[in-house]
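Here the structure comes first, spelled out in structure tokens, and everything after it is commentary.
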Amino acid sequence: MTDITIALSKGRIFDDTAPLLKAAGITALDDPETSRKLILDTNHANVKLVIVRASDVPTYVQYGAADIGIAGKDVLLEHGGAELYQPLDLKIARCKMMVAVPNDFDYESAVFQGARLRVATKYLKTARAHFAGKGVHVDLIKLYGSMELAPLVGLSDVIVDLVSTGSTLKANHLKPVEEIMQISSRLIINQAALKLKRKTIQRILDAFSEAIEK
Ligand code: ATP
Ligand code: MG
């Protein structure tokens with residue numbers, strides 16, 4: 001095998017990718033949750049996993065620091081996806097991008113009345129496009145995490161965030177009111193790497209395709 005570097009984030013993406021890697025015959029020799037290593041060796045001397053922030057994965061692949069990456073559609077939309085080949089929806093880390101509001105906030109009538117909404121989110125591009133599409137005027141407030149807090153302390157009226165079970169919303173007296181899109185993680189490939197390492201990358205791609213949940 002040619003040298004291959006795969007970028008991914010720890011947590012749910014690593015956990016959901018491990019079975020796909022296994023199907024491709026690749027096993028990490030360290031657990032990113034317990035190891036402090038940022039470059040993990042695998043059972044193949046020439047295959048390395050680099051563990052980075054979820055939102056940094058497209059950047060590593062774009063610049064060729066990693067040949068392949070696994071990133072959520074949420075992250076790819078914010079990044080823009082320039083120069084990245086995205087051949088495969090891995091159907092892992094599935095959730096929904098949603099608009100959520102405090103339980104006592106009447107979103108429908110706020111929208112109907114043409115109110116200007118303050119929206120707190122990590123996903124500026126996605127949120128901007130969504131509300132522009134609805135003709136709703138918004139002030140976007142960029143946050144890096146814990147969006148659920150924003151309406152509770154009067155920072156925003158509304159949040160745009162990822163929701164899976166909805167239990168975090170519920171615990172913070174929020175309710176989902178609008179689905180923006182379904183989210184899952186994609187395989188992304190550096191275009192130069194695809195040309196130079198075609199055989200190895202194709203082998204991984206085929207194994208992943210075969211192993212994806214139908
Ligand atoms: P960081 O913690 O580094 O700031 P993050 O919070 O985006 O980044 P994770 O929470 O590990 O990182 O999420 C990584 C990816 O997993 C997201 O980009 C998204 O695609 C997906 N994801 C996020 N939340 C959920 C969820 N509740 N259910 C399923 N998948 C999710
Ligand atoms: Mg997180």
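Given the structure is predicted, the values throughout are model-derived calculations rather than measurements. Both counts, for ligands and for their atoms, begin at 1 and track the order of listing.
- Residue Gly11 places no heavy atom under 4.0 Å from ligand 1.
- Every residue meeting the side-chain hydrogen bond (donor to acceptor under 3.5 Å, both in side chains) condition with Asp30, not counting sequence neighbours, appears here in chain and number order: Lys37.
- Thr59 places a side-chain heavy atom less than 4.5 Å from the side chain of His79.
- Of the N or O atoms in Lys122, one or more lie within a sub-3.5 Å distance of an N or O in ligand 1.
- Of all non-hydrogen atoms in Ala211 and Leu20, the two that sit nearest each other are CB-CD2, 3.8 Å.
- Contact analysis leaves Lys73 out of contact with ligand 1, as no non-hydrogen atom separation drops below 4.0 angstrom.
- Every atom of ligand 1 with a heavy atom of Ala93 under 4.0 Å away is listed here by number and element: 29 (C), 30 (N).
- Neither the backbone nor the side chain of Thr165 has a heavy atom within less than 4.0 Å of ligand 1.
- Between Ser185 and ligand 1, no N or O atom pair is found at a separation short of 3.5 Å.
- Salt-bridge formation is detected for the pair Asp139/Arg116: a Lys NZ or Arg NE/NH1/NH2 atom is positioned less than 4.0 Å from an Asp or Glu carboxylate oxygen.
- The ligand atoms of ligand 1 that sit less than 4.0 angstrom from a heavy atom of Arg53 are 1 (P), 3 (O), 4 (O).
- Between Lys175 and Phe105, the shortest heavy-atom distance links the atoms NZ-O, 3.4 Å.
- Per-residue contacts place Cys95 under 4.0 angstrom from the following atoms of ligand 1 (heavy atoms of the residue considered): 22 (N), 25 (C), 26 (C), 28 (N), 29 (C), 30 (N), 31 (C).
- Near Val75, with a cut-off below 4.0 Å to any heavy atom, the atoms of ligand 1 are 18 (O).
- In terms of modelled atom types and a separation under 3.5 Å, the side chain of Lys199 and the main chain of Leu196 share no donor-acceptor contact.
- Below 3.5 Å of separation, one finds an N or O of Arg12 facing an N or O of ligand 1.
- Under the 3.5 Å distance criterion, with hydrogens and angles disregarded, a donor-acceptor pair is assigned to the side chains of Thr126 and Glu78.
- Note: an N/O pair closer than 3.5 Å links Ser164 and ligand 1 by distance alone.
- Every atom of ligand 1 is numbered from 1 in the order shown, and the set under 4.0 Å from a heavy atom of Gly72 is 20 (O).
- The closest heavy-atom contact to atom 29 (C) of ligand 1, among the options Glu78, Lys96, Arg94, comes from Arg94.
- For Gln86, the side-chain hydrogen bond (donor to acceptor under 3.5 Å, both in side chains) criterion is met by no residue, not counting sequence neighbours.
- Which of Asp74, Asp16, Asp161, Asp15 comes nearest to atom 19 (C) of ligand 1 through a heavy atom is settled by distance: it is Asp74.
- Within the listing of ligand 1, atoms 19 (C), 22 (N), 23 (C), 24 (N) sit less than 4.0 angstrom from a heavy atom of Leu162.
- Under the 4.5 Å side-chain heavy-atom criterion for ILVMFWY residues, a single connected hydrophobic cluster contains both Met98 and Leu117.
- Put simply, the side chain of Asp89 gets close to the backbone of Lys91: a donor and an acceptor are under 3.5 Å apart.
- Closest to atom 12 (O) of ligand 1 by heavy atom, among Gly145, Ala54, Gly166, is Ala54.
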